[in-house]
2 protein chains.
Amino acid sequence: MRVSVDEAAPRETTVATAAAHTSRELAHPDRAEIRLENVLHALSDPMRLLIVRDLARTDDELACSAFELPVSKSTTTHHFRVLRESGVIVQVYRGTAKKSALRSDDLEELFPGLLEAVLAAAEAQAARD
Amino acid sequence: MRVSVDEAAPRETTVATAAAHTSRELAHPDRAEIRLENVLHALSDPMRLLIVRDLARTDDELACSAFELPVSKSTTTHHFRVLRESGVIVQVYRGTAKKSALRSDDLEELFPGLLEAVLAAAEAQAARD
DNA sequence: CTGTTTGTACGATACCCATCGTAGTACGGC
DNA sequence: GCCGTACTACGATGGGTATCGTACAAACAG
């Protein structure tokens with residue numbers, strides 16, 4: 001499943017008429033605002049790399065609680081925010097849960113092959129350890 | 001030109017017999033010690049990305065003074081050290097100069113396609129700006 | 001030997017960031 | 001309305017880091 005940022009976080013012009021709208025908005029950068037430095041920085045943390053690998057493996061949206069990270073919940077929230085604000089993931093509230101998914105399409109359009117190469121590198125390194 | 005870390009920084013077993021040996025050694029991580037997180041972090045700084053792009057463009061070793069960075073010399077030294085210690089570049093003294101080159105072979109072996117994807121992404125973003 | 005070029009070392013500074021705990025909010029089920 | 005689940009907000013804290021200036025060291029050309 002591929003989620004674009006516009007689908008997940010509707011613009012102000014398309015609010016509240018559909019029934020599926022649940023609650024708060026989450027700030028996402030537009031595709032054109034995504035910066036390579038920020039993406040690389042987001043991916044340079046082991047915890048965030050773990051999250052991204054999990055998201056890539058399922059190829060579907062996951063709740064934050066689906067991740068078993070060796071850090072506290074506050075820290076987990078922090079990492080998800082960094083990933084979202086750098087443009088690596090989309091997040092949307094669904095009831096009490098908050099679902100996350102990779103912005104694969106946006107990243108592929110901006111930086112072809114980058115996400116794939118990073119994911120492959122992460123898997124290769126994990127296999128070596 | 002491709003420089004391997006062993007060629008540039010000879011081990012203790014092979015010192016000082018050849019005439020080409022000039023001066024101080026510089027610490028480089030072995031290929032197996034290079035970590036993806038460190039590489040991504042090294043590449044996530046705009047100044048360092050500039051350096052890496054320059055190195056990739058010439059495909060040859062460059063002196064630190066060949067770079068026109070909008071920061072002080074001390075800061076430049078700092079960035080080169082981060083790149084070297086993360087395994088992205090090799091550095092070797094040649095007279096008063098200190099030459100740097102990408103560790104393309106080591107990186108390609110560890111993380112296939114990663115460096116290429118990052119460089120292409122950096123060029124694409126620079127073209128957009 | 002002296003001066004120039006090139007890069008380093010060191011200390012300071014200001015900022016960023018990964019982590020935590022605690023307290024709180026939002027939503028859905030009962 | 002009330003409770004449990006899921007996530008957030010806030011403040012604190014310790015460590016990292018990008019930046020600078022100044023002073024120093026190593027090599028080469030005279």
Side-chain angles (χ1 to χ4, degrees), chain A residues 8-9 16 19-28 35 37-52 61-86 88-101, chain B residues 8-9 16 19-28 35 37-52 61-86 88-101:
Chain A
H21 184 264
T22 49
S23 58
R24 307 145 274 179
E25 309 283 321
L26 286 164
H28 292 77
R35 301 293 302 174
E37 316 87 74
N38 297 339
V39 169
L40 293 177
H41 173 249
L43 296 174
S44 71
D45 181 275
M47 293 303 149
R48 292 195 286 263
L49 212 42
L50 264 180
I51 294 172
V52 169
E61 58 183 17
L62 283 179
C64 296
S65 56
F67 297 84
E68 307 239 342
L69 299 178
V71 292
S72 73
K73 280 206 304 177
S74 336
T75 305
T76 301
T77 297
H78 161 71
H79 285 312
F80 273 97
R81 179 167 47 228
V82 172
L83 286 170
R84 173 169 43 84
E85 293 180 346
S86 67
V88 176
I89 67 173
V90 196
Q91 293 191 288
V92 59
Y93 285 105
R94 294 225 199 285
T96 64
K98 187 186 190 180
K99 300 299 186 71
S100 299
Chain B
H21 184 264
T22 49
S23 60
R24 305 146 278 179
E25 309 284 320
L26 286 164
H28 293 77
R35 302 290 303 172
E37 314 87 76
N38 298 339
V39 169
L40 292 177
H41 173 249
L43 296 175
S44 73
D45 181 276
M47 293 302 149
R48 293 195 287 264
L49 212 43
L50 263 181
I51 294 172
V52 169
E61 57 184 18
L62 282 180
C64 297
S65 56
F67 298 84
E68 306 239 343
L69 300 178
V71 292
S72 74
K73 280 202 307 176
S74 339
T75 305
T76 302
T77 296
H78 161 71
H79 285 311
F80 273 97
R81 180 168 48 230
V82 172
L83 286 170
R84 172 168 45 83
E85 293 180 347
S86 68
V88 176
I89 66 172
V90 196
Q91 294 190 288
V92 60
Y93 286 104
R94 294 223 200 285
T96 63
K98 187 184 188 182
K99 300 300 186 70
S100 300

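Here is the naming used below: chain letters follow the sequence lines, and residue numbers restart at 1 for every chain. Because only heavy atoms are used, hydrogens play no part in the values below, and waters and symmetry mates are left out as well, while side chains stay in.
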Problem set entry | Value rounded to 0.5 Å, distance of CZ in A/Phe80 from CD1 in A/Ile51 | 4.0 Å
For this session: Mind calculating the distance between NE2 (B/His79) and P (C/dG7) to the nearest angstrom?
Result: 16 Å
Exercise. What is the distance from NZ of A/Lys99 to C1' of D/dC7, rounded to the nearest Å?
Worked result: 14 Å
For this session: Rounded to the nearest angstrom, tell me the gap between atom CG in B/Leu43 and atom C1' in D/dA18.
Result: 17 Å
Exercise. Say you draw a straight line from CG of A/Leu69 to OG1 of A/Thr76; how long is it, rounded to the nearest 0.5 Å?
Worked result: 4.5 Å
For this session: Have a look at B/Thr75 and say if it touches a base, only the backbone sugar-phosphate, or nothing, with a 4.0 Å heavy-atom cut-off.
Result: base
Problem set entry | B/Asp45, nearest nucleotide to its side chain (from C/dT6, D/dA18, D/dA6) | D/dA18
Exercise. For A/His78 and D/dT13, what is the distance between atoms NE2 and P respectively, to the nearest whole Å?
Worked result: 18 Å
For this session: To the nearest Å, give me how far apart CD1 (B/Ile51) and P (C/dG7) are.
Result: 12 Å
For this session: Examine the base of D/dG21 for any acceptor or donor lying under 3.5 Å from a partner atom in the side chain of B/Ser74, and report the outcome as yes or no.
Result: yes
Problem set entry | A/Lys73 NZ - D/dC10 P separation (whole Å) | 17 Å
Exercise. Of all heavy-atom pairs between B/Leu26 and B/Val92, which one has the smallest distance, and what is that distance?
Worked result: CD1-N, 4.2 Å
For this session: Please state how far atom CE in A/Met47 lies from atom P in C/dC20, giving the value in whole angstrom units.
Result: 8 Å
Exercise. Which pairs, with at least one residue in residues 38-50 of chain A and sequence neighbours excluded, count as a side chain to side chain donor-acceptor pair (under 3.5 Å)?
Worked result: A/Arg48-A/His79
Problem set entry | Of the listed nucleotides C/dC17, D/dC7, D/dC20, the one nearest the side chain of A/His41 | C/dC17
Exercise. If you pin A/Arg81 and A/Thr96 to their nearest nucleotides in DNA chain D, which one's is more 5'?
Worked result: A/Thr96
Exercise. At under 4.0 Å, does any side-chain N or O of B/Arg94 touch on OP1 or OP2 of D/dA27?
Worked result: no
Problem set entry | A/Leu26 CG to D/dA6 C1', straight-line distance once rounded to whole Å | 14 Å
Problem set entry | Pairwise distance CD(B/Glu25) to NE2(B/His28) - rounded to 0.5 angstrom | 10.0 Å
For this session: Check whether the side chain of A/Ser72 and the base of C/dG21 form a donor-acceptor pair under 3.5 Å.
Result: no
